[in-house]
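What follows is one structure encoded as structure tokens, with my remarks underneath.
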Amino acid sequence: MSRPSQSPSEQPDPQPQDGQEPHVPEQHLARPLGVYVITVVLGLEALGLAAAGVWLTIGVFTQTPHSMASAVFLIVLIFALAAALAAVTVNAFKGFRWTRSAAFVWQLLMVAIAMPALLSGATFTGLALLLPALAAIYYLFTPTVVSFSLRAGGEHPVI
């Protein structure tokens, strides 16, 4: 009687071939400094969005909005963005490769919000939005962060 076939995740690692180094499990890889910077920036931005959602929710109950439907939609949208950014933060810390593109797009939006603030004279607000976004963008493209995030979710590197 034959054994049922194993899924790829249940099969043992193949032996290294042609002088390749043996596979190092994910928990043994050191996180680069850039991963910590990116996750702190994304985490603070997610918390800021959640705080804005709470502030808008309180505002709906303390002030009369022009349109209740648009106020509720905006609150739901902000909380959804906060949850999505929190998910990107957690998975960027784990080293998933898809988080780099999501984090990059979000940081570009932060730069697009920061520039008008800087140009209108709100220097502190503009710098508070711009500098962390630029730091995250820089670290997203450093070789150590790129190599750390070349995993698709399993133990095995993609490339």
Side-chain heavy atoms nearer than 4.5 Å, only ILVMFWY residues, links allowed to pass through others: does that put [X] and [Y] together?
{"X": "Leu42", "Y": "Val111", "value": "yes"}
{"X": "Val90", "Y": "Tyr139", "value": "no"}
{"X": "Leu108", "Y": "Phe141", "value": "yes"}
{"X": "Leu127", "Y": "Val40", "value": "no"}
{"X": "Leu74", "Y": "Leu109", "value": "yes"}

Please tell me whether Phe93 and Tyr36 form a close aromatic pair, meaning their ring centres lie under 6.0 Å apart.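 Between Phe93 and Tyr36, the centre distance is under 6.0 Å.
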Could you measure the distance from the [atom1] atom of [X] to the [atom2] atom of [Y]? Nearest 0.5 Å is fine.
{"X": "Leu49", "Y": "Leu77", "atom1": "CG", "atom2": "CG", "value": "9.0 Å"}
{"X": "Trp106", "Y": "Leu81", "atom1": "CH2", "atom2": "CG", "value": "5.0 Å"}
{"X": "Met110", "Y": "Leu129", "atom1": "CE", "atom2": "CG", "value": "4.5 Å"}
{"X": "Ile75", "Y": "Ile58", "atom1": "CD1", "atom2": "CD1", "value": "10.0 Å"}
{"X": "Ser120", "Y": "Met115", "atom1": "OG", "atom2": "CE", "value": "11.0 Å"}
{"X": "Thr62", "Y": "Trp55", "atom1": "OG1", "atom2": "CH2", "value": "9.5 Å"}

Nearest heavy-atom neighbours spanning [X] and [Y]:
{"X": "Ser149", "Y": "Arg100", "result": "OG-CD, 2.7 Å"}
{"X": "Ala46", "Y": "Ala86", "result": "CB-N, 3.9 Å"}
{"X": "Ala135", "Y": "Val37", "result": "CB-CG1, 4.4 Å"}
{"X": "Gly126", "Y": "Ala114", "result": "O-CB, 3.5 Å"}
{"X": "Ala82", "Y": "Ala50", "result": "CB-N, 3.8 Å"}

Could you please spell out the steps behind the side-chain contact (heavy atoms from CB on, under 4.5 Å) verdict for Gln107 and Val41? CA-CA 9 Å; Gln107 298 314 312; Val41 168; 4.0 Å; yes
Would you say Met68 and Val60 make side-chain contact, with heavy atoms under 4.5 Å?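 Touching, per the 4.5 Å side-chain cut-off.
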Quick check: do Thr57 and Phe79 have side-chain heavy atoms less than 4.5 Å from each other?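 Result yes, sub-4.5 Å side-chain heavy-atom pair found.
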Evaluate side-chain contact (heavy atoms from CB on, under 4.5 Å) for Ile38 paired with Leu140, printing each intermediate quantity in order. CA-CA 7 Å; Ile38 291 165; Leu140 281 169; 3.6 Å; yes
Should Thr125 and Leu118 be marked as a side-chain contact (heavy atoms from CB on, under 4.5 Å) after you check the CA-CA gap, both sets of side-chain angles, and the distance that decides it? CA-CA 7 Å; Thr125 303; Leu118 280 171; over 6 Å; no
Full working for side-chain contact (heavy atoms from CB on, under 4.5 Å) between Thr144 and Phe148: CA-CA 6 Å; Thr144 55; Phe148 180 77; over 6 Å; no
